[in-house]
Amino acid sequence: MAALLLTGGRVVDPANRLDAQTDLLISDGKIAAVGADAAKKAPRDAEKMAVNGLVVCPGLIDLHVHLREPGQTSKESLATGTAAAARGGFTSVVCMPNTSPAIDTAGTVALIRERAAQQGVVNVFVAGAISKGIAGEELAPIGGLKRAGVVAITDDGHCVQNNELMRRACEYAKMFNLPVMDHCQDYSLVTDGVMHEGYWSTVLGLRGWPSAGEEVIVARNILLAELTGAKVHCQHLSAAGSVALLREARKRGVPISGEACPHHFTLTDAAVAGSKKFWATDGKSLLIINHQQSTINWPSYDTNFKMNPPLRSARDREAILEGLADGTIEILCSDHAPHCDYEKEVEFDYAPFGITGLETELSLSLMQLVHTKRLSLAATLAKFTVHPARLLDLNKGTLQVGADADVTVIDPDHEWIFHRDDSASKSRNSPFFGWQLKGKAAATIVGGKLVWSERAESVAA
Ligand SMILES: [Zn+2]
């Protein structure tokens, strides 16, 4: 495909403050023109795609994804994980290093980049580990990882407990211009908690994971970002206190940032008590968006509602939404964490943490932020495009002429049901099967190439 002209769409490019109904021309894998003259500049043989009524935006970026390679391909692979990303509207993902072995050497980074280039359908960027083997004891070779191409370092899934080691990680990362991303969890406070510590953990008799277990580390990270000047990014924030700490620190100009995942601002810990309890209490506010949801049932102790950090109270959920609305939290992501059925089909205590998310995160974000009028479409899309690109220093997330032609076409009003059989992921551990969702990617274009489209899908089916 040499040239592709998208006509009549609402082009929303937060990086360039553009929001207008106009045309977009892609040529040789790059953005060639945006605006009224795009059609004039198109070569005669350019392929045309009419996107009237749809949104055209920079390709979405998810900077928090577990692709499970190397070593855990029964859960996911680069091929299936990136296929799920394409279906969800994502043109770039950042894979987490808690694989087997961990991504803590230049050799492993090279291996993933090579395999991703061969098997991936979207761009895969690699995050390297902070510590060797993600053991939190000794720093990984951060300079070598940077030379091998990592875009950030993190021990995600784990959290460096030793503050002095974390300080040194920040100092090295700053030297190599890498952001430090952190899964904020204080082990001494959380111990073996499996759900949010509160009313429902008491009722259900499950061990609690208190909000303070996250907030203590967010506070630590703010202090270390201030001390070292390194860019520190707090992953998957779940607690109201974390948002308050971040808001205050960012006001002072501390180089700290945060991200939120749709499950934390859609669900609450009441979901662990089963659908009846959830819809009767915290789920009520979701029924305003869609009254049909109340027919979706799940039992108590359903392990698809077990994640780390855990689903929290309705107050925490509201605080995360407020943080997203006022710009305190400037990045949205999925924490896509695939697990096999047999791993999840055990008692709540023994199941692994995590859910898949690439195929539902855009819809849930649009529902909770845009359709509820908490945030504009452009401001929401900025959290999937220009903001993550800026944090990671990626030459992505923009429709600037000359940029890589990574483009997502979205139908924000498309109502659909997420069916178990429709997922491209190798795993099925999502709590959102059967949910009626509003808003969906209609086409995903990577480097000028159409890698997924709703229309092609329905023609094929
Ligand atoms: Zn994590």
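Note that ligands are numbered from 1 as they come in the structure, with each ligand's atoms numbered from 1 the same way. Model, not experiment: these values are computed from the prediction.
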So, do [X] and [Y] sit near enough that their side-chain heavy atoms are less than 4.5 Å apart?
| X | Y | value |
| --- | --- | --- |
| Pro179 | Leu391 | yes |
| Leu381 | Ile410 | yes |
| Val194 | Trp209 | no |

message: Any donor-acceptor pair under 3.5 Å linking the side-chain atoms of Glu259 with those of His236?
response: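 Short answer, no.
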- prompt: Taking the Zn ion (ligand 1) as the center, what protein N, O or S atoms are found at less than 2.8 Å?
  reply: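 Correct list: Asp156 OD1, His183 ND1, His236 NE2.
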- request: Of all the heavy-atom pairs spanning Ser334 and Gly357, show the shortest one and how long it is.
  value: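 Answer, listing the atom of Ser334 first, then Gly357: CB-C, 3.8 Å.
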- prompt: What are the two closest non-hydrogen atoms of Val12 and Leu399, and how far apart are they?
  reply: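 Shortest heavy-atom contact: O-CD1, 4.5 Å.
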